[in-house]
Structure formats: structure tokens, C-alpha cells
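Below is one structure, written out as C-alpha cells; comments come after it.
Reckoned from all heavy atoms, side chains included, excluding hydrogens, waters and symmetry mates. This one's a predicted model, so the numbers in the text were calculated from it and none came from an experiment. One-based numbering, in listed order, for ligands and for the atoms of each.
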Amino acid sequence: MMNMARNTTVPAGLPSLDVDSASHLRAMQDYLAYRIQHTDDGFMPFEEWMQHALYAPGLGYYAAGSTKFGSEAPEGDFTTGPELTPLFGQALAGQVAQILAATGTKTVLEVGAGTGALAAALIPALNLLDIRPQYQILEVSGELRERQQQRLEGLHANVQWLKALPSDFKGCIIANEVLDAMPTTLFRWDDAGNVLELGVGLESSSTQQDGAGPDAGQPRFMLAERPADEYLQTLVALRMPPLPGYRSEINIQAEAWMRQLGAWLKKGAALLIDYGFPQREFYHPQRAEGTLMCHFRHHAHADPLLYPGLQDITTHVDFTAMADAALEGGLDILGYTSQARFLMNAGLIEILTGLDPHDAAGYAKVVGPVQKLLSEAEMGELFKVMAVGRGLDVPLMGFTSGDRRDRL
Ligand SMILES: C[S@@+](CC[C@H](N)C(=O)[O-])C[C@H]1O[C@@H](n2cnc3c(N)ncnc32)[C@H](O)[C@@H]1O
């Protein structure tokens, strides 16, 4: 295992931690240090670090009680389309209704539902189309599941929380910003053309904080590297040429999830909405540091070791890899386009034009967030929508113009 120097300074502008956050951080660091100490070689693969940092029960970022979602500081750490505006869910409703009609079911499965914001907008919008959906949610975070239950209680809708993936699903699946939250593998090409796997180790005890201050005994983490196994070496080499020093990610877990989708989606379609690109762009020579980002109170930075349990860790989605995995799972790729195109094809502009033009203040409030969803400089172009499915023979309305499947 080779250790890598780590810049331990907190990026400028990051808000300081309050007492509760600092003690949560310390508990998480102790937990992670314990896990690392109990590995054979003191090396925790980055995928495992991200798994614990985001999902360790009671401690992980998504599994513990921090606010997380919020459209502006100081609320939460980041925002998402459904959190920005209910028009996101309202626009999706037309596409979901079309998929339900084509499959002859009323079952919608939302994967990773966050605070329940999408369901809270989508279910009433489907009701307006005379559809009372059987709405299912699959959520890995117990804390978020509780928040979803509280939020959706008042809808008096048919909502069910699943404990595991279904086995024989017919209907429509939605996953907004879920693939990006799946733990990823980090790699780097060395100068000799070998792939190294990145992980996390502990700094030797001599460099750990000692003395009697608040940081006494605090574990200190560092990025470490080891030669990639043959599987990872081959996977990486199939996707990009060797570029000395180039560091990026390969989301083996998300690909496995997509492949597995082919086993349980019997008829219908899954709408996968996320930030990302086709593989050629993902591994562009200029993207030499990869796409990994952390979010803490609306500040973005690139140090995944900084505040485990307190900060979001995310990577962009390689949509070519997701499409390949879906094809391997026996699914068809039904469409791929930008979020802006998808939402406009699905009827977002018609929803806007249906608003009361005399209510100038109300209109302005609605238009701002919609602009964020559509603007090329914000979420409109970076975010993509991909539909994969089985047994559907109708062209999906969300992709009627601007379908870019040929770029995958
Ligand atoms: C970035 S948040 C997005 C939440 C919500 N979809 C939104 O757009 O506001 C990621 C969500 O996916 C959940 N999640 C991550 N991996 C998951 C998995 N394998 N199965 C189900 N939920 C998952 C997280 O707990 C969280 O609710």
C-alpha cells in the first residue's frame, strides 16, 4: 500500500462545526478508524469508505439526522429538482402516466425518495390525470424513510415502503439523483501504465493528534493506493487509454444495480435522472481529477475525508456505463436526453402557461426555480434523463425531441 500526502486544511469559506456536529464527526471518525484497523492491511477501498460515510446506520450522512436538503444556505447542504419546485414532479406526471398506460398498471416505484418531495408533487398530479397510483418507495436510509412517511401522511394516498427490491415489477420506476449517491471505486493511472485503486488508511500514530486538546486521539485519515486487481485494471483499460496521473471513478455498484434492474423489471420503464455524461466526456483527458464532489452547507469541495457523516459525497454518472449495464440485463434503452429537453417534452412549459398571468408575484416565485431546472448554465444540460425498460412499444413522450441515444 502506498500512502498519499493529504492536504488536511479545511477549504476556505467552509462554515465551522457546532458542538453537535463536531461530536457526530468524532463518533463517525472513531467508527471508520475501527473499521480500518480491522482490515488485513490497513486499507479501506474508497467504495467502502463512501458506503460507511453515507449510509452507516445512525452515523452516515444519509442515515443520520442532519437536514441535508435545502435550496439555500443555511438550510441543508444541497438541493435537488424536486426540492426546488413541485413543477418538477408535475411535469414528470405526464411521462409516468404514459408508461403506466402502456404497462396496464398503476404501480410507481420511487427509489431513494429523499424528503418525499417528488412523491408529494407527483401523486396529486397523477390524481389530476385520474390515476390513483400504487406508490412504492425503496429507501436505504431509515431517517429519510421516517421523514417521507411524515410528509406523505397528509396525502391519504396509497404509499408503501418496500424493504428490498421487488422481484417481479410492472410499472414505472423513478430514481432522481440516486445513481450519483451510490458508493464508487476510485482509481488512478500511474506513470508505468498501471491502474491503482484508491482507498483510505490511517496516518501513523506518530502523526495523529496527541496531547490533551479537543482533538486528542482523533484519528487522521489519508488517501492510500494499491495496485488494482485484474478485474478493475481490465474495466478501466476498456474505457480509457492510460494517462499518467489521471484520477477518476468507476461506479461498479451503480452498474451492478442497473444490471440487476433487468432481472426484476418485467414490464415498464425506469426513468433515471442525474448529473453526468456519456463515457467519452466522463473520461475526457481534461477531467484529470475525476468528478468526485462533496457538499457541506452549500459549499462544494473535493475532500471526501474531511467531514465523514456530515457532508454529502457524490460522483457524476457515466451514462454509457449505465446503458451498457442495462443492456446486459436484457433491457432496452428507451431514451436519453438533457433534463431541460425532457421536462419540456413532458409538458413543463404548458404547466407554466397555465398559471394565472395576473398573479405577478406568484408567477415570479414559480419561474425562478423552473429556470434553474431548464437553464444550460444550471441543471438543464448537466442533468440527463435516461429511460430503460422492457416490453414497451410506444415512443416515450419525454424524448420526442432531442433524443441523444446515439451519443452514448
Ligand atoms: C441525493 S439524494 C436524492 C433524493 C431525492 N430523490 C431527491 O431528488 O430529492 C439520494 C437518495 O437516494 C437514497 N439511496 C441511495 N442509494 C440507494 C439505493 N441503493 N436504494 C435506495 N435508495 C438509495 C438516499 O438515501 C437518498 O434518499
Will you find, in the side chains of Q136 and T107, an N or O donor that is under 3.5 Å from an N or O acceptor?
-> no

L118 near ligand 1 by a heavy-atom separation under 4.0 Å = no

Is the closest N or O pair between N176 and ligand 1 shorter than 3.5 Å?
-> yes

What is the ring orientation for F169 with W264, classed by angle as parallel under 30°, tilted 30 to 60°, or perpendicular over 60°?
-> perpendicular

Counting from 1, what ligand 1 atoms have a heavy atom of V111 closer than 4.0 Å?
-> 20 (N), 21 (C)

Give the atoms of ligand 1, by number and element, whose distance to some non-hydrogen atom of L138 is under 4.0 Å.
-> 21 (C), 22 (N)

Given A117, P82, G112, A175, which has its nearest heavy atom closest to atom 6 (N) of ligand 1?
-> G112

Salt bridge check: are E177 and K68 linked by an N-O gap of less than 4.0 Å?
-> no

Option set M182, E177, Q51, criterion heavy-atom distance to atom 19 (N) of ligand 1, minimum | M182

E83 N/O to ligand 1 N/O under 3.5 Å | no

In this structure, atom 25 (O) of ligand 1 is nearest to the protein heavy atom E139 OE2, 2.5 Å

Atoms in ligand 1 with a heavy atom of T80 nearer than 4.0 Å = 7 (C), 8 (O), 9 (O)

Can you say whether the rings of F221 and W49 are parallel (under 30°), tilted (30 to 60°) or perpendicular (over 60°)?
-> perpendicular

Can you check side-chain hydrogen bond (donor to acceptor under 3.5 Å, both in side chains) on Y307 and S21, steps first, answer last?
-> CA-CA 9 Å; Y307 289 154; S21 303; over 6 Å; no

Would you call the rings of F277 and H316 parallel, tilted or perpendicular if under 30° counts as parallel and over 60° as perpendicular?
-> parallel

Classify the angle between the aromatic ring planes of F69 and Y62 as parallel (below 30°), tilted (30 to 60°) or perpendicular (above 60°).
-> tilted

Verdict with reasoning, R247 to L223, per side-chain contact (heavy atoms from CB on, under 4.5 Å) = CA-CA 13 Å; R247 183 181 123 170; L223 280 180; 3.6 Å; yes

Find all atoms of ligand 1 within a distance of less than 4.0 Å from any non-hydrogen atom belonging to G114, and give their numbers and elements.
-> 4 (C), 5 (C), 27 (O)

Under 4.0 Å from ligand 1, counting heavy atoms only, is it the side chain of V140, its backbone, both or neither?
-> both

Ligand 1 versus L144, non-hydrogen atoms closer than 4.0 Å: side chain, backbone, both, neither?
-> side chain

Check whether any N or O atom of Q148, backbone or side chain, sits under 3.5 Å from an N or O atom of ligand 1, and answer yes or no.
-> no

